[in-house]
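Worksheet: the structure to be examined is printed underneath.
These numbers come from the heavy atoms of this one structure, side chains and all, not from hydrogens, waters or symmetry mates. Per chain, numbering begins at 1; letters A, B, ... match sequence-line order. Computed from a predicted structure; not experimentally measured.
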Number of protein chains: 2
Amino acid sequence: MRVVVALGGNALLKRGEPMTADVQRENVKIAARALAPVAGEHELVLSHGNGPQVGLLALQSDAYKEVEAYPLDVLGAQTQGMIGYMIEQELGNLLPIEKPFASLLTMVEVDPNDPAFQNPTKFVGPVYEKVAERLAEEKGWSIKQDGQYWRRVVPSPLPRQIFEHRPIKWLLEKGTIVICAGGGGIPTMYDLEKKNTLIGVEAVIDKDYCTALLARDVEADLYIMATDIDGVYLDWGTPDARKIDRITHTELESYDFAAGSMGPKVAAACAFARVTGRRAAIGALADIEAIVAGEAGTNVEKG
Amino acid sequence: MRVVVALGGNALLKRGEPMTADVQRENVKIAARALAPVAGEHELVLSHGNGPQVGLLALQSDAYKEVEAYPLDVLGAQTQGMIGYMIEQELGNLLPIEKPFASLLTMVEVDPNDPAFQNPTKFVGPVYEKVAERLAEEKGWSIKQDGQYWRRVVPSPLPRQIFEHRPIKWLLEKGTIVICAGGGGIPTMYDLEKKNTLIGVEAVIDKDYCTALLARDVEADLYIMATDIDGVYLDWGTPDARKIDRITHTELESYDFAAGSMGPKVAAACAFARVTGRRAAIGALADIEAIVAGEAGTNVEKG
C-alpha cells in the first residue's frame, strides 16, 4: 500500500515542553518507533506540522537585533530542514541501512485572492504586552488579541498546488521514504505584477489540507492524520462522547466540528475520500499500525 | 552532460553585506541568472556554501535566551532549508514551469577517528571579548583567538559517505534539477556505543570536498566550483601572478595553495579528475556557461 501520514505538530513538540533540540529529538524518536513498522511494510510519505518550531525560529530571529527578522516563508523552509533532518535520521536508525530516504523542501501555491487574506487567523511569533500599533504599521502586520497579550496573525489560505509532486512520486516508485510538505508547505504565490514569478508569502497553510492534496497527487491508497487523540468523537466533552470508528464522508460532513480542533482534519479526510474513493483515517500516532489495518482510529470512506 | 556545481557561500552572502533575507535573495537571483542557461541545457546538481548563514542562525539561536542554543548539525539542516528554498524558487522563476526541481536535505557521514577532531579549525558563531573559559567548559566547546576576539572552533572532518546519493541520482535521471549537500552536508557519524545509530556531529564539512564526492556518486561529466575569482593563479599576489587555464591533476598537485584560499578547491578538483578521469573546473560563477564549454576558469584533467 502507498500510505501518506501527516504527523501532528504536537507529536514533535508538545505545548508546555521546553523547545530544546533534545526535547524535539526525543519526541521524534517516539514518533519514529511508531512509524517504523509501517515504513518497513508500505510505501510511505510523511508530512509534519511545524507550529511550535516556526514560533521558536520567529522568536530567535526577533531576538537577534542586528539583522531584521526573517519572513515566515523563509522560517518555514528552515523548519522543513530541521524537522526533516531529525525524522530522516531517527526513522533511518530503525530501518535497514539500505532503505532510501529523501526529505524534500516543498513549496505550495496559494491564491492571492483567497478570502483568508482578508481575515488573518493564525497567531505566530512573540507576544506583546500592548497593541503594538507602531510595530504593526511599520511591518505591515495584522495584530490581534491572544488571551491577555497581543500577537501577530497571518492568513491561512488553501493549498492549490504542490510544486514538487512529481519528484515525490518518482522517489516513491523507487521505494524511497519521502518526508515533505512540512508545516503545510512553504507558502508561495505568483506575483500579480510580474507574470510567472513565484514569490514567498507571509502565511501558514493548514498541514492537513496540504497533505490531503499531496495524498491525491501521489495517488495514495490511504491518508492518515496521526495526532494524540485516538479518533473523532461525537459530543466531545459531554457524557455522551463516543468515538466514530467508521463513517462515510457524507455523514461525517453532516456534523459540526470546531475550526480550532477536529474541523480541518475532518474536512481534509472527507475531501480525500470523496475525490479519490480511498480511505482517510484520523487517529493516534501510537495506534498507527492498527490504523493502517483499518482497526483503529476514525476511518472515513466515500459514500 | 551531467554537471555538478558547488556554489561558493560568498556567492549568496558576501562578507560585510547585511545578512537580511532580502540581501540573500538578491544574491540568489544573481546566481540564478548565471545558472539558468546551464540548467536549461544540461542535467544539473547544485550544492552551496552556508558559512555566513549558519553563523547568522547561531547568533539568532544564541540571542534568544529562553531556549538553549541549537547544535550545529540542526542549524546546518535549517540552512539547507532556507538556502535550498531560495535557490529553487529563483532558479525556477527563470526556467520553463514544467522543469522539475528537488531540494534534498543531505546527511554526510564523517569518521569519528578523523584527525580533524583532534584539531578543530573552523570558527563558528558569536565572538567573545574574553577567553570565555567557563562557556567553553560548560558547553564542551573549543575556543580559539580570532583576531582581537575569541570564538568557538569546530572540526572540519572529511566526508565519507553521502546518504541520499541514490535519490539524487534517480531524480537526475528524470531530468530534475537537484539542490543538495548544502554547507557540505549535515555532519553525522555512527555512534561508537550504539551500533548502526547515526547521530549529529558538531562539525563543518568542507563543501568543495563533499561536492566532489557527490559528483563521483552521481557520475558527473563535469564538476565545477563556482566562486568569485576567475580561476586558480600561480604566484597570486605577486607581479608574476598568472591564471592557469588547463592543467593535469599531477602538475596542479605539485604546487602549494593556502588552506584558507584555493587549497581545498584545488585538492577537490584534483581528486575528482584523478578518480573519475573527468574534468573539474574552478572559476567565476559569472563565467559558468564558458566554463561548461571549457573556455573559462581553471580546467583540471587527469594526467
Can you tell me how far the CG atom of B:Leu198 sits from the CG atom of A:Asn93, to the nearest 0.5 Å? 5.5 Å
Rounded to the nearest 0.5 Å, what separation is found between the OG1 atom of B:Thr176 and the CD atom of A:Glu164? 10.5 Å
Calculate, to the nearest 0.5 Å, the distance between atoms CD and CZ belonging to B:Glu88 and A:Phe163 respectively. 9.5 Å
Between CE of B:Met82 and CG of A:Leu75, what distance do you get to the nearest 0.5 Å? 9.5 Å
Can you tell me which portion of B:Ile168 sits under 4.5 Å from chain A's heavy atoms? Options are side chain, backbone, both or neither. neither
Looking at B:Ala63, B:Pro71, B:Ala77, B:Gly76, which has the largest count of heavy-atom pairs under 4.5 Å with chain A? B:Ala77
Let's test your reading of the structure: which of A:Thr79, A:Val23, A:Leu56 forms the most heavy-atom pairs below 4.5 Å with chain B? A:Leu56
Measuring heavy-atom distances to chain A, does B:Leu104 have an atom under 4.5 Å in its side chain, in its backbone, in both, or in neither? both
Can you say whether B:Val67 sits under 4.5 Å from chain A via the side chain, the backbone, both, or neither, judging by heavy atoms? side chain
Winner by heavy-atom pair count (cut-off under 4.5 Å) against chain B, out of A:Ala102, A:Pro18, A:Ala69, A:Ser61: A:Ser61
Given that the side chain runs from C-beta out, which part of B:Ile199 has a heavy atom under 4.5 Å from chain A: side chain, backbone, both or neither? backbone
Quick one: SG on A:Cys180 to CG on B:Leu105, what's the gap to the nearest 0.5 Å? 11.0 Å
Which bit of A:Ile179 comes within less than 4.5 Å of chain B, counting heavy atoms only: side chain, backbone, both or neither? neither
Nearest 0.5 Å, what's the CZ-NZ distance between A:Arg166 and B:Lys174? 11.0 Å
Ignoring hydrogens, what is the shortest heavy-atom contact between A:Gln89 and B:Gly200? Give both atom names and the distance. NE2-N, 3.6 Å
Between A:Gln80 and chain B, with a heavy-atom cut-off of 4.5 Å, which part of the residue counts as in contact: side chain, backbone, both or neither? backbone
For B:Pro167, is it the side chain, the backbone, both or neither that has a heavy atom under 4.5 Å from a heavy atom of chain A? both
Run the side-chain hydrogen bond (donor to acceptor under 3.5 Å, both in side chains) test on B:Tyr85 and A:Asp73 for me, step by step, so that the C-alpha distance in whole Å, both residues' side-chain angles and the decisive distance to 0.1 Å come before the verdict. CA-CA 9 Å; B:Tyr85 159 55; A:Asp73 57 324; 2.5 Å; yes
Part of B:Met107 lying under 4.5 Å from any heavy atom of chain A: side chain
Would you check, one step at a time, whether the test side-chain contact (heavy atoms from CB on, under 4.5 Å) holds for B:Met86 with A:Val74? CA-CA 8 Å; B:Met86 287 189 184; A:Val74 176; 3.8 Å; yes
Can you tell which part of B:Gln24 gets under 4.5 Å to a heavy atom of chain A, answering side chain, backbone, both or neither? side chain
For A:Leu59, which atoms come within 4.5 Å of any heavy atom of chain B: side chain, backbone, both, or neither? both
